Amino acid sequence: MYNSIKSRLKNELKEIKESGRFKDERKIISKQNSLITTEKLDVINFCANNYLGLASNQEIIDAAKTTMDQYGFGLASVRFICGTQNIHKELENTISSFLETEDTILYAAAFDANGGLFEPLFDAQDAIISDSLNHASLIDGIRLCKAQRYRYLNNDMDDLENKLKESQHSRNRVIVTDGVFSMDGTIAKLDIICDLAEKYDALVFVDDCHSTGFIGKQGKGTQEELNVMGRVDVITGTLGKALGGGSGGFTSGKKEIIEILRQKSRPYLFSNTLAPAIVGASIKAINLISNDNSLILKIQNNTKYFRNKIQKIGFDIKGDIHPIVPVMIYDDKIASEMADYMYDNGVYVVGFSYPVVPKGLARIRVQISSSHTKDQMDKAIGLFEKAGKKFKII
Ligand SMILES: *Cc1c(COP(=O)(O)O)cnc(C)c1O
């Protein structure tokens, strides 16, 4: 009978609402872009993962259309039955050459890539050593596997070394980290992580969803930024952020690991293949970035510009070079009220508070894109200044 759970769920929903954690969804009625139209008003968008502005790029939209005309809407099959077209292999190879890895396997989402990554490779004889701020999909993927679990404090290399010492008895060990911590805009210390991995004979797995395509000189991610190309064993990434913003994910890395995943990874084996339009558009996105680094330069310059200006008007920010710019408000209630105020005045930003970030460290997270114009950034900074004074933050 539904009635008994119905009242429980209603109560739970009420509690979520009362605690201020209810997630509302605003309806956009335009393409994703730096300026979007919502049902109420036009807003400059500073909260998308559309880092390179490719979500509304005409060449990418055209590539999706022509691929759909040639290869159809969908395959209605998993990869190993009849869901592999030549373009799926082409995209896997394109990603491998872009990241300079040995092989790549596609998934319906990066969430699935992480969900299906650990169980096929590790069991109770092995140890997984994971950063405490890792993404939910890594945490879930690790839960699905029987390996011993160790957790080190965020980006704390001494604590990581301790955990490597504690886990010496394990057969294989793997250090798992986000390349970029998305609430802080900070970058994992991959150079030190790779040194420690060598010293203690551990593997390194990096989830680079918030860097593939735009971090590093050529957009090859945190591995390029920190000069550890070739020293990371596995990189997971998404096609749903900088690389067009459609959907889809991948795991890229050592040949045998990818081969085992094709045989054993459950989200790969038991879920539909990626739709052709996404595949064709994603190949186009990577080719665009590989042949022309102007969008990468643009986002790096935009990020510098915004980070400088927002500090000059008196806000504290976190992070260093990443286009995720957490503007610290500290107080939970003010963070959400101020974000709403900014939205109503044409700048779309989102406040994050406990439990998403630690107590007393509420923030408004800004995400810069190469599609932002200087004028749009200036408008946002002007409004931040006005709102910061109104809410007595600066
Ligand atoms: C966005 C994100 C994911 C999920 O990517 P999807 O392709 O949308 O499933 C996984 N890990 C990290 C670190 C992310 O930022």
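When a ligand or atom number is given, it counts from 1 through the structure's own listing order. Here the structure is a predicted model, which means the values were calculated and not measured.
Ion pairing between a basic and an acidic side chain is recognised when a charged N comes within 4.0 Å of a carboxylate O; Glu59 and Lys284 show such pairing. Remark: Arg171 engages Asp126 in a salt bridge, criterion side-chain N to carboxylate O under 4.0 Å.
Counting only distance, with no hydrogens or angles, the side chain of Thr66 and the backbone of Ala63 share a donor-acceptor pair below 3.5 Å.
Counting only heavy atoms of the protein, atom 3 (C) of ligand 1 lies nearest to His135 CE1, 3.5 Å. From the protein, the heavy atom lying nearest to atom 7 (O) of ligand 1 is Thr238 OG1, 2.7 Å. In terms of protein heavy-atom proximity, atom 11 (N) of ligand 1 is nearest to Asp207 OD2, 2.6 Å. For atom 15 (O) of ligand 1, the closest non-hydrogen atom on the protein side is Lys241 NZ, 2.6 Å. The protein heavy atom nearest to atom 9 (O) of ligand 1 is Phe111 N, 2.9 Å.
With Arg173 as the partner, the side chain to side chain contact (heavy atoms under 4.5 Å, CB included) test is satisfied by one option alone out of Phe122, Tyr150, Tyr200: Tyr200. Screening Phe46, Tyr348, Tyr305 for a ring-ring contact (aromatic ring centres under 6.0 Å, His included) involving His372 leaves a single residue, Phe46.
Using a 4.0 angstrom heavy-atom cutoff, Gly240 does not count as in contact with ligand 1. Using a 4.0 Å cutoff on heavy atoms, Ala136 does not count as a contact of ligand 1.
At a heavy-atom cutoff of 4.0 Å, ligand 1 is contacted by both the backbone and the side chain of Ala110. If you look at Ala109 next to ligand 1, the close heavy atoms, those under 4.0 Å, come from the backbone and the side chain alike.
Considering every non-hydrogen atom in both Ser137 and Asp207, the closest pair reads OG-OD2, 4.3 Å.
Near Gly248, with a cut-off below 4.0 Å to any heavy atom, the atoms of ligand 1 are 7 (O). Every atom of ligand 1 is numbered from 1 in the order shown, and the set under 4.0 Å from a heavy atom of Ser137 is 10 (C), 11 (N).
Where the criterion is an N or O separation shorter than 3.5 Å, residue side chain and backbone included, His210 meets it with respect to ligand 1.
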Walk me through it: do Tyr343 and Thr38 pass the test side chain to side chain donor-acceptor pair (under 3.5 Å)?
CA-CA 11 Å; Tyr343 179 85; Thr38 69; 3.2 Å; yes
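The aromatic rings of Phe214 and His322 stand perpendicular to each other, their planes meeting at an angle above 60°, with 30° marking the opposite boundary.
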